[in-house]
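Notes follow the structure.
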Amino acid sequence: MSPVATKVPVSYLVDELTFNEKVDRSLALLAEAFSEYGEALVVANSLGKDSVAVWHLAKRVSPEIRGFIVTTRFKPPETIEFMQEQVQAYPEMRVYRNEEPIPEDLYADDPDRCCELLKVKPTRWAIEEMGVRCWVTGLRCTEGRTRTDYQEVEQRDEGLLKLNPILLWKEREVWQYLALNNVPVNPLYAKGYRSLGCAPCTKITTDENERAGRWIGTSKCGGECGIHTRPLKS
Ligand code: SF4
């Protein structure tokens with residue numbers, strides 16, 4: 001892969017492509033990857049707006065495409081409820097959760113370690129158990145300072161392709177797609193959140209940066225949990 005993805009800088013394409021061109025491009029990327037990887041292509045679903053958009057796009061490519069959700073003991077009740085609805089609607093979506101004991105305030109004392117245990121580790125389990133060779137994410141390059149340098153198709157781990165089919169979409173275009181296709185979203189958006197995560201580490205902000213409400217007051221502020229930055233295969 002991939003004839004669809006090009007070497008043209010993504011920052012240029014973000015502004016040059018129309019909404020419909022982006023949708024077509026995302027579908028083409030997914031179709032191309034699915035024809036190559038089949039059931040080894042799996043969508044990672046964080047239950048945020050970007051993930052449900054990617055899931056909807058993937059299902060347009062093939063209803064057979066599977067997915068996984070990584071949840072934690074700290075997810076807000078609204079996200080848990082939304083997750084249950086999603087799994088009921090799509091039994092081919094598996095849920096992974098690390099139940100091992102951790103210090104109660106680890107998220108405050110060492111959020112990197114907390115995310116490593118509760119998010120990165122179960123993501124590795126999912127990739128291993130589901131035989132994933134191509135994982136699909138809802139990552140977008142305009143989400144914040146940590147997401148500007150990704151590509152639509154990446155090979156970070158040996159034997160594991162990463163596909164970011166909506167990398168070029170702006171926040172507004174995600175909402176446009178979801179509205180036009182009547183896709184249900186996590187009810188936390190109605191409360192004013194723009195980026196969703198675990199309850200202790202996610203706040204509503206007025207900042208321009210979409211991910212500014214994540215890990216406020218820590219060195220991770222506006223940053224990453226680690227699934228996009230750390231190795232996922234040993
Ligand atoms: S987002 Fe916060 S609570 Fe959730 S795993 Fe990371 S540090 Fe822990």
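These numbers come from the heavy atoms of this one structure, side chains and all, not from hydrogens, waters or symmetry mates. Just so we're clear, the structure is a prediction, and the values are computed from it rather than from any experiment. Start at 1 and go down the list; that is how both ligands and their atoms are numbered.
- Every atom of ligand 1 is numbered from 1 in the order shown, and the set under 4.0 Å from a heavy atom of Pro111 is 7 (S).
- One of the N, O or S atoms belonging to Cys114 lies under 2.8 Å away from atom 8 (Fe) of ligand 1.
- Between the side chains of Trp169 and Ser26, at least one donor N or O sits under 3.5 Å from an acceptor N or O.
- For a distance bound of 2.8 Å, the N, O or S atoms of Cys198 include one lying that close to atom 4 (Fe) of ligand 1.
- A donor-acceptor contact closer than 3.5 angstrom links the side chains of Tyr177 and His56.
- With a 4.0 Å cut-off on non-hydrogen atoms, Cys201 touches ligand 1 through its side chain and not its backbone.
- Taking each heavy atom of Asp157 and Leu232 in turn, the nearest pair found is OD1-N, 2.9 Å.
- Residue, atom and distance of the protein heavy atom nearest to atom 3 (S) of ligand 1 are Phe74 CD1, 3.4 Å.
- In this structure, Trp135 and His228 have parallel ring planes: the angle between them is below the 30° cut-off, well short of the 60° mark.
- Within a 6.0 Å radius of CD in Glu81, no more than 12 heavy atoms belonging to other residues, nucleotides or ligands are found.
- Neither the backbone nor the side chain of Arg214 comes within 4.0 Å of ligand 1, counting heavy atoms alone.
- In summary, the atoms of ligand 1 found under 4.0 Å from a heavy atom of Cys115, numbered by their order in the structure, are 1 (S), 5 (S), 6 (Fe), 7 (S).
- For ligand 1, the atoms closer than 4.0 angstrom to any heavy atom of Leu118 are 5 (S).
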**Report entry** Working for side chain to side chain donor-acceptor pair (under 3.5 Å), residues Ser195 and Arg214
**Finding:** CA-CA 7 Å; Ser195 178; Arg214 309 290 294 274; 2.7 Å; yes
